[in-house]
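In what follows, a single structure is set out as structure tokens and then discussed.
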Amino acid sequence: MEGIKITKEVDARGSFCPGPLMEMIRLIRSANVGDVVAVISADEGTKKDLPAWIKKAKHELIAEEPVEGGATRFICRKLH
């Protein structure tokens, strides 16, 4: 992800739904508008739930990147 600087990241591998979602909510609440935050999760439910919450909360899902071990990094920009 060239040009994108992640402000804060939480590795939530080993946590199951709703853990990774709660981590994203916590990151967004503590971030400033424009900050980019990320959560890494290996939980299958997170692949559906996290993007849906980001859209519902009206933030920007920048990317879903695969990481080693079958996990995914969800990268989000706080918009408001």
Side-chain angles (χ1 to χ4, degrees):
M1 298 270 333
E2 289 183 39
I4 300 291
K5 182 179 181 276
I6 295 173
T7 307
K8 295 180 185 176
E9 180 173 84
V10 171
D11 188 341
R13 287 178 276 200
S15 178
F16 300 98
C17 237
L21 175 59
M22 294 293 104
E23 291 292 350
M24 180 60 81
I25 292 169
R26 184 181 62 77
L27 284 174
I28 288 289
R29 286 184 177 161
S30 69
N32 295 315
V33 172
D35 282 354
V36 176
V37 297
V39 170
I40 299 172
S41 175
D43 180 58
E44 283 298 313
T46 303
K47 290 180 180 179
K48 179 181 174 189
D49 294 345
L50 215 86
W53 179 84
I54 291 168
K55 182 177 180 180
K56 181 180 177 183
K58 297 184 176 20
H59 296 293
E60 177 187 3
L61 179 62
I62 295 173
E64 296 177 45
E65 298 179 335
V67 293
E68 65 183 62
T72 304
R73 175 182 287 115
F74 298 88
I75 304 170
C76 174
R77 183 184 325 272
K78 181 173 180 169
L79 296 181
H80 55 88

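These numbers were taken from a predicted model, which means no experiment stands behind them. Side-chain atoms are counted along with the backbone in the values below, which use heavy atoms only and exclude waters and symmetry mates.
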Exercise for review: Verify the cluster assignment for V10 and W53: are they in a single hydrophobic cluster under the rule of side-chain heavy atoms below 4.5 Å apart?
Suggested key: yes

Review point. In terms of hydrophobic clusters joined by side-chain contacts under 4.5 Å, are V67 and V39 together?
Key: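 In one cluster: no.
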
What's the separation between atom [atom1] in [X] and atom [atom2] in [Y], rounded to the nearest 0.5 Å?
X: R77; Y: I6; atom1: CZ; atom2: CD1; value: 11.0 Å
X: T7; Y: K5; atom1: OG1; atom2: NZ; value: 5.5 Å
X: L21; Y: D49; atom1: CG; atom2: CG; value: 6.5 Å
X: D11; Y: R73; atom1: CG; atom2: CZ; value: 8.5 Å
X: E60; Y: H80; atom1: CD; atom2: NE2; value: 11.5 Å
X: L27; Y: F74; atom1: CG; atom2: CZ; value: 13.5 Å

Check your understanding: Between K47 and E64, is there a salt bridge with N-O shorter than 4.0 Å?
Key ->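 No, no charged N to carboxylate O under 4.0 Å.
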
Would you say [X] and [Y] make side-chain contact, with heavy atoms under 4.5 Å?
X: S41; Y: L50; value: no
X: I40; Y: E9; value: yes
X: E23; Y: S15; value: no
X: M24; Y: T46; value: no
X: E65; Y: I75; value: yes

**Study point:** Donor-acceptor contact present, side-chain H59 to main-chain L79, <3.5 Å
**Key:** yes

Check your understanding: Does the K78 side chain pair with the main chain of D35, one donor and one acceptor, at a distance under 3.5 Å?
Key -> no

**Study point:** Minimum-distance pair of heavy atoms, taken over all atoms of A31 and V37
**Key:**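 Nearest heavy atoms, A31 then V37: CB-CG1, 4.1 Å.
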
